[in-house]
Amino acid sequence: MISIKNVSKHYGTFKVLTDCSAEVEKGEVIVICGPSGSGKSTLIKCVNGLEPFQQGEIVVNGISVGDPKTNLSKLRAHVGMVFQNFELFPHMSVIDNLCIAQIKVLGRSREEAIERGRKLLERVGLLNQAEKFPGQLSGGQQQRVAIARALAMDPICMLFDEPTSALDPEMVNEVLDVMVGLAQEGMTMMVVTHEMGFARKVANRVIFMDEGRIVEDAPKEDFFSKPRSERAQLFLSKILQH
Amino acid sequence: MNYHWNWDIFLAETPSGSTTYLGWLLSGLEVTIAVSLSAWIIALIVGLFMGVFRTVPNRWLSGIATVYVEVFRNTPLLVQLFIWYFVMPELLPVSIGNAFKSINPFLQQFIAAMLCLALFTGARVCEQVRSGINSLSVGQRYAGLALGFTLPQTYRYAILPMAIRIILPPLTSEFLNIFKNSAVASTIGLLELAAQGRQLVDYTAQAYESFIAVTVLFMAINVVVMVLMHKIEARARVPGNAGGG
């Protein structure tokens, strides 16, 4: 479904990504973790072409992301993405946030879009907030709306860029619950996160990054029980201590 | 002070006989409003596009917009007006220049003043649009693009609606400025409010009454603008967002 081959990216002389390769099969859940500045967010933004890269190739569902001839908008319409800071459109009601791209990009009628939107709001437990504005919701609620907004496009896979990092601790679980539900339904997911509980529960594989490189790409059992690289061992010992 | 106050002067007939001195001021008011409003509409359109161009990842568009802003923001308004009125007709192809010079003088003055105010103010609107866009997080652009919007759609549906809300207060200042700046058009002979006020002094020597009346009329315009903009700001305020921003 997603194939990343020898991708490198640099800003001037500063290397952000070096020779990154990974494969994500349909229905797989991949968790990407690593210290800050290791290139996790950049890598996931390369997958739908939000960040350009200079070398290598990324193919999503048979379409090359880096090819200048690729219609990126068309590709992105079917690759859902959820951001650290939610990025709902603040001037639109919750239901309009869910409908706007369905109408303008997928060409659905307003009625269809609202029906689909309401179904997804119900799924994330926020149907009663449909007419509110993002600024009137809590962070956890906003992030659940953002997930529903991405799902409204009927994506073939979902990218999550630190979806719980900006949340108060008590709101993290309401968002993770939605994500676990998605994973269990068989959604293909790439998730940049430090939530190791989530990784243990639903990830198929864990990718560990450091200094722009993929240091480890292992099934989750192996990653948590016997990480091969020293850097990953150190990282795990620090975040799993408490 | 030996000044002879005479407020009745406004109701006195002018030498031409067809109207009162108040009629002169009111016709000046009309011209001021017409030239300023038409210039404002052009300035908003030009400023919106140029402001967007300054933020897009296209070197040509952002280059054009940058040159526009630097030229029109860094030269005096009065000089720009003289260039539009006296120099431009000579620089244009002869046929167009002659066509311009053959239309009635009022229209020549009006067009020159309108274009001058529009492009001068447009450069300032452009910078405000740019700062409004840049004040939004880059994540909003990502969010729009990630949903499958093209870049123009991302601006249309995600970025501009918030950016414009944010810049409404400074836009109000520009809207007020364009009425005040329109008074420079009196230097090329356009009979707008300030010019009519001076003409009234020339004919009647009632300088205080005339300039007080002109001042009051300019303030009246701007009170209306302020009330209007406050209404727009209140309507555009986003629930749950402090100050509409």
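Below, chains carry the letters A, B, ... as their sequence lines are ordered, and counting in each starts from 1.
Ranking A/Ile100, A/Asn85, A/Asn48 against chain B, the residue ahead of the rest is A/Ile100, based on heavy-atom pairs under 4.5 Å. Between chain B and the residues A/Glu87, A/Lys132, A/Met153, A/His78, the most heavy-atom pairs under 4.5 angstrom are made by A/Glu87. Each of A/Ser73, A/Gly135, A/Gly49 has some count of heavy-atom pairs under 4.5 Å with chain B, and the biggest count is that of A/Ser73.
Atom CZ of A/Arg123 has more than 12 neighbouring heavy atoms from other residues, nucleotides or ligands inside a 6.0 Å radius. Within 6.0 Å of CD in A/Glu23 there are more than 12 heavy atoms belonging to other residues, nucleotides or ligands. Crowding of B/Arg124 atom CZ: a count of heavy atoms from other residues, nucleotides or ligands under 6.0 Å not exceeding 12. A 6.0 Å sphere centred on CZ of B/Phe211 holds more than 12 heavy atoms belonging to other residues, nucleotides or ligands.
Contacts between residues 136-146 of chain B and chain A, defined by a heavy-atom separation under 4.5 Å, are made by B/Ser137, B/Gly139, B/Gln140, B/Tyr142, B/Ala143, B/Gly144, B/Leu145, B/Ala146.
B/Leu147 pairs with exactly one of A/Met81, A/Arg149, A/Arg76 by the side-chain contact (heavy atoms from CB on, under 4.5 Å) rule, that one being A/Arg149.
Smallest separation of non-hydrogen atoms from B/Tyr157 and A/Met92: O-CE, 3.4 Å.
Heavy atoms of A/Leu88 lying under 4.5 Å from chain B belong exclusively to its backbone.
Interatomic distance, CG of B/Leu151 versus CG of A/Leu72, reported as 11.5 Å (0.5 Å rounding).
The closest donor-acceptor contact from the side chain of A/His91 to the backbone of B/Arg165 lies at 3.5 Å or more, if one exists at all.
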